[in-house]
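Just below is one structure, and these are the notes that go with it.
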Amino acid sequence: MKNIRFLFIFSLISVLFLSACNSDDSSGNSTDDTSENTENKQPLGESAEDLLANIVFDRLEVEFVSINGFEPRAETVSNLQKFLEERLNKPGGIVINSRSIDPIGDAPYSTDEIRDIEDAVRTTFNDGSTISVFVLWVDGANVNDTQFSKTLGTAYRNTSVVLYEPTIREFSNDTGEPGRVALESTTLIHEVCHILGLVNLGTPLTSDHEDPLNNKHCIVEDCLMYFRTEVQGLDMKVKMKNLMEVTPLDPLCIADLQANGGK
Ligand SMILES: [Zn+2]
Ligand SMILES: [Zn+2]
């Protein structure tokens, strides 16, 4: 029974990434019409090089907004800071500014509603040599979730990522499940890597490692950007390398980031 539950959990996690990227594809081909701050309302992957390299921008500011009561663990924020410092060329510094806000909008959320929330609460945009990223932790699930498919996070614009904290909590910290910090951090950094252009999503491939069955993901099973699903009867599963640790990028994905200006 435990084992079946285990597989079920991982099927949910795998579909999380899958549905995240389906949304990306459907929403990623046009610029939003809002006339303000258009530099931060471009399709996913547009700012990969700007985020990675020290060419146009030498500093990164992350606006990290949570709905009250749905904040991630502090260690998750530290894990993001550590990852960004390790991979991005930003000699001017990387700053994460966290704040919590009252609930806005009604769960469950569509990606369009998430965009509306961003438009209402985001205050930081590209400014001079500072590039801005917006990370939102919401208090509800994604509207497309079903009994068999859940979304934990989505990268939906060139500098925007959303995390569905109640769903992350539901599938972490029980026996056989990933730890809360590990699942929050792995989901967050996976989605952030999509705005950094992985895989073949604005950052060119330096080797042939894009998964042909799951576009924009990596073919290497131990990689953070992997999520090829394995169908076993009705169960799909994806590997998470270690339930208590953030899944790392493999050398092929790191090579892509480095060739596009990262470290
Ligand atoms: Zn993904
Ligand atoms: Zn990889």
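Given the structure is predicted, the values throughout are model-derived calculations rather than measurements. Every number for a ligand or one of its atoms is a count from 1 in the order of the listing. One-based numbering along the sequence shown.
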[X]-[Y] side chain donor-acceptor pair, cut-off 3.5 Å:
{"X": "T123", "Y": "E63", "value": "yes"}
{"X": "E61", "Y": "S132", "value": "no"}
{"X": "H209", "Y": "D256", "value": "yes"}
{"X": "N40", "Y": "N126", "value": "yes"}

To check your reading of the site, what angle at the Zn ion (ligand 2) do SG of C218 and OD1 of D250 form, to 10°? 120°

For the Zn ion (ligand 1), give me the closest N/O/S atom belonging to H190, just the atom name. NE2

Measure from the Zn ion (ligand 2) to each N, O or S atom of H209 and report whether any distance is below 2.8 Å. no

Please find out if the Zn ion (ligand 1) and some N, O or S atom of H217 are separated by less than 2.8 Å. yes

